[in-house]
Amino acid sequence: FFCGLNIIVCAWEIGLGLHIRHIQGEYKKLKEKYGKTPLGAVKEFFFTPVTSKNCFSLKFWSLVWTTYALYDPSYQNNESFGFFVDVGNGWSTLLP
């Protein structure tokens with residue numbers, strides 16, 4: 001179970017690095033829409049339909065980071081420590 005889950009998280013972390021500009025743009029939209037009530041964005045994310053087309057799209061799954069950034073904005077900042085650690089973790093943990 002852990003290995004499968006870790007592969008998914010690694011893919012999300014790689015997507016964080018590859019789609020940071022998209023994440024930054026969507027973050028701004030969500031920040032305006034939800035302001036001080038980010039739980040609404042979490043609900044929206046959980047109820048977003050997942051199609052067979054976007055199931056394997058890292059850009060689609062970047063919504064994980066867009067939503068999470070409402071709680072920790074460092075994840076939409078490609079100059080932050082958390083950003084670099086997670087992107088690096090995605091690439092380096094998947095290899096072994």
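Worth knowing before you read on, the calculation uses all heavy atoms, side chains too, and leaves out hydrogens, waters and symmetry mates. For the single chain, residues carry numbers from 1 onward in sequence order.
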Does a side-chain heavy-atom distance below 4.5 Å link [X] with [Y]?
| X | Y | result |
| --- | --- | --- |
| Thr48 | Phe60 | yes |
| Ile23 | Tyr68 | no |
| Val64 | Trp61 | yes |

Worksheet item: Between Tyr34 and Glu44, does any side-chain donor sit less than 3.5 Å from a side-chain acceptor?
Response: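 Yes - a donor-acceptor pair under 3.5 Å links their side chains.
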
Discussion item. Given 3.5 Å as the limit, does a donor-acceptor pair link the side chain of Asn54 with the main chain of Thr51, or not?
Written reply: yes

Fill in: Donor-acceptor contact present, side-chain Gln76 to main-chain Ala69, <3.5 Å
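No, the answer is negative, given that no donor and acceptor are paired below the 3.5 Å cut-off.
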
Worksheet item: Do Val50 and Phe45 sit in the same hydrophobic cluster, where Ile, Leu, Val, Met, Phe, Trp and Tyr count as joined when their side-chain heavy atoms come under 4.5 Å apart?
Response: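 Yes, one cluster joins them.
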
Practice prompt. State the SG-CH2 distance between Cys10 and Trp91, to the nearest 0.5 angstrom.
Written response: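 Between atom SG of Cys10 and atom CH2 of Trp91 there are 10.5 Å.
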
Worksheet item: How far does CG of Leu63 sit from CZ of Phe46, to the nearest 0.5 angstrom?
Response: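 Between atom CG of Leu63 and atom CZ of Phe46 there are 12.0 Å.
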
Item to complete: Could you tell me which non-hydrogen atom of Pro73 sits nearest to which non-hydrogen atom of Tyr27, and how far apart they are?
Response: CB-OH, 3.7 Å

Worksheet item: Between Gly35 and Pro38, which heavy-atom pair has the shortest distance, and what is it?
Response: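 Nearest heavy atoms, Gly35 then Pro38: O-CD, 4.2 Å.
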
Would you give me the side-chain donor-acceptor pairs under 3.5 Å for residues 12-20, sequence neighbours excluded?
residue : atom : partner : partner atom : Å
Glu13   : OE1  : Asn89   : ND2          : 2.8
Glu13   : OE1  : Gly90   : N            : 3.2
Glu13   : OE2  : Asn89   : ND2          : 3.2

Worksheet entry | salt bridge (charged side-chain N to carboxylate O under 4.0 Å, His left out) against Lys29, all qualifying residues, sequence neighbours excluded |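 By the salt bridge (charged side-chain N to carboxylate O under 4.0 Å, His left out) rule, Lys29 matches Glu26.
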
Just distance, no hydrogens or angles: give the donor-acceptor pairs under 3.5 Å from side chains in residues 79-88, sequence neighbours left out.
residue : atom : partner : partner atom : Å
Ser80   : OG   : Ser74   : O            : 2.6
Ser80   : OG   : Asn77   : O            : 3.0
Ser80   : OG   : Phe83   : N            : 3.2
Asp86   : OD2  : Tyr75   : OH           : 3.1

